[in-house]
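Accompanying notes for the structure given below.
Counting from 1, the numbers follow the sequence of the chain as shown.
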Amino acid sequence: MNQIWNIARKEFSDGLRNRWLLAISLLFAVLAVGIAWLGAAASGQLGFTSIPATIASLASLATFLMPLIALLLAYDAIVGEDEGGTLMLLLTYPLGRGQILLGKFVGHGLILALAVLIGFGCAMLAIAVLVEDVEIGLLLWAFGRFMISSTLLGWVFLAMAYVLSSKVSEKSSAAGLALGVWFLFVLVFDLVLLALLVLSEGTFSPELLPWLLLLNPADIYRLINLAGFEGGNAMGVLSLGGDLPVPSAALWICLMLWVAAALSLAYGVFRRRMA
């Protein structure tokens, strides 16, 4: 356990030195505060609207940002050590590959979790202080589940980044694949489901389509944050989520299973990698 924590502490200190924590926190804080007060500008209304509308807008934003940030944070976690000549040195120590991988995951995961807490927590604090008659209980509950689910989403893509980093031999290849994974899960997947939805009449079973949302952690994340409020309007392929016969708790379990599955796959690929 000490070995895992030592690696995690090293990764966390590297993140602090490279200003990752500061940059991500500032980005989240500025965007969250901006969305909270300017999110309804398109409808001719300025100022804070409501907690559900704010969370829905923030979740849409985080669906794009969290996977990209996580992939950029960890795409060179293994291949970078290899190119720098430190991976072979690490493997000469009494460390298992699982310990190395888990240590890196804990370090990077702490950076993401703290950035989410600081960035979005600042927005929550600003709303609590500046907005009159806001329901503090609802605010804490809504932002709490939003921040926890955002962290889990980031952890899924951290683990995916380790899979890519363990598979390739150059950082440039890992960076290209990381962008491809982001493009696939954030953009392409929903477009494919929309195409299937259009072609489902007589070709695909309509009962099957809602279950396909569980194959994308980004869609699970959005369903979690939309399902938290009554009357939450799901648009596009997310409207299929209303036909899923599963409770909200099952969506949380699915997201955590994505973290575990991606991390297990990363370990399997890393174990077969030649140092």
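Hydrophobic clustering (side-chain heavy atoms under 4.5 Å, transitive across Ile, Leu, Val, Met, Phe, Trp, Tyr) groups V33 together with M147. Transitive grouping of hydrophobic side chains (ILVMFWY, heavy atoms separated by less than 4.5 Å) brings L27 and L153 into a common cluster. If you chain together hydrophobic residues whose side chains sit under 4.5 Å apart, V259 and V269 never meet in one group. Under the 4.5 Å side-chain heavy-atom criterion for ILVMFWY residues, a single connected hydrophobic cluster contains both F28 and L68. Linking Ile, Leu, Val, Met, Phe, Trp and Tyr whenever their side-chain heavy atoms come within less than 4.5 Å puts L72 and M160 in one cluster.
Within 6.0 Å of CZ in R17 there are more than 12 heavy atoms belonging to other residues, nucleotides or ligands.
Taking the side chain as every heavy atom from C-beta outward, L152 and W252 approach each other to under 4.5 Å. Within the 4.5 Å cutoff, the side chain of I220 has heavy atoms near those of the L214 side chain. A 4.5 Å side-chain heavy-atom check between I7 and L95 finds at least one atom pair inside the cut-off. Counting heavy atoms from C-beta outward, W258 and W155 have side chains that stay 4.5 Å or more apart. Counting heavy atoms from C-beta on, the side chains of I51 and F146 never come closer than 4.5 Å.
If you take CH2 on W141 and CG on L138, they are separated by 7.0 Å, rounding to the nearest 0.5 Å. Rounded to the nearest 0.5 Å, atoms OH (Y267) and CG (L102) are 11.0 Å apart. Here OG1 of T151 is found 6.0 Å from CE of M66. Values are rounded to the nearest 0.5 Å. Atom CG in L21 sits 10.0 Å away from atom CG in L110 (nearest 0.5 Å). Distance check: L139 CG to I127 CD1 gives 5.5 Å after rounding to the nearest 0.5 Å. Atoms OG and CG, from S172 and L177 in turn, are 9.5 Å apart once rounded to the nearest 0.5 Å.
In this structure, W182 contributes its side chain and F64 its backbone to a donor-acceptor pair below 3.5 Å. Side-chain atoms of T92 come within 3.5 Å of backbone atoms of L89 as a donor-acceptor pair (strictly under, hydrogens ignored). Under a 3.5 Å cut-off, the side chain of R145 and the backbone N or O of F143 do not form any donor-acceptor pair. Not one N or O on the side chain of S166 forms a donor-acceptor pair closer than 3.5 Å with the backbone of V163.
Across G15 and I111, no two heavy atoms sit closer than the pair CA-CD1, 3.6 Å. Taking all atoms of both residues into account, the shortest heavy-atom contact from A29 to C122 is CB-CB, 4.3 Å. Here the shortest heavy-atom pairing between L255 and S149 reads CD2-O, 3.9 Å. Taking each heavy atom of A159 and A262 in turn, the nearest pair found is CB-CB, 3.5 Å. Counting all heavy atoms, side chain and backbone alike, V79 lies closest to S169 at CG2-C, 3.5 Å. Here the closest non-hydrogen pair linking A123 and A32 is CB-CB, 3.4 Å.
Under the side-chain contact (heavy atoms from CB on, under 4.5 Å) criterion, N216 pairs with F185, F189, D190, A218, D219, sequence neighbours left out.
A salt bridge (charged side-chain N to carboxylate O under 4.0 Å, His left out) with E81 is found for exactly one of K171, K104, R97, namely K104.
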(request) Test I100 against F270 for side chain to side chain contact (heavy atoms under 4.5 Å, CB included), laying out the working first. (result) CA-CA 10 Å; I100 295 173; F270 184 35; 4.2 Å; yes

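For residues 108-137, the side chain to side chain donor-acceptor pair (under 3.5 Å) pairs, not counting sequence neighbours, are E11-H108, H108-Y162.
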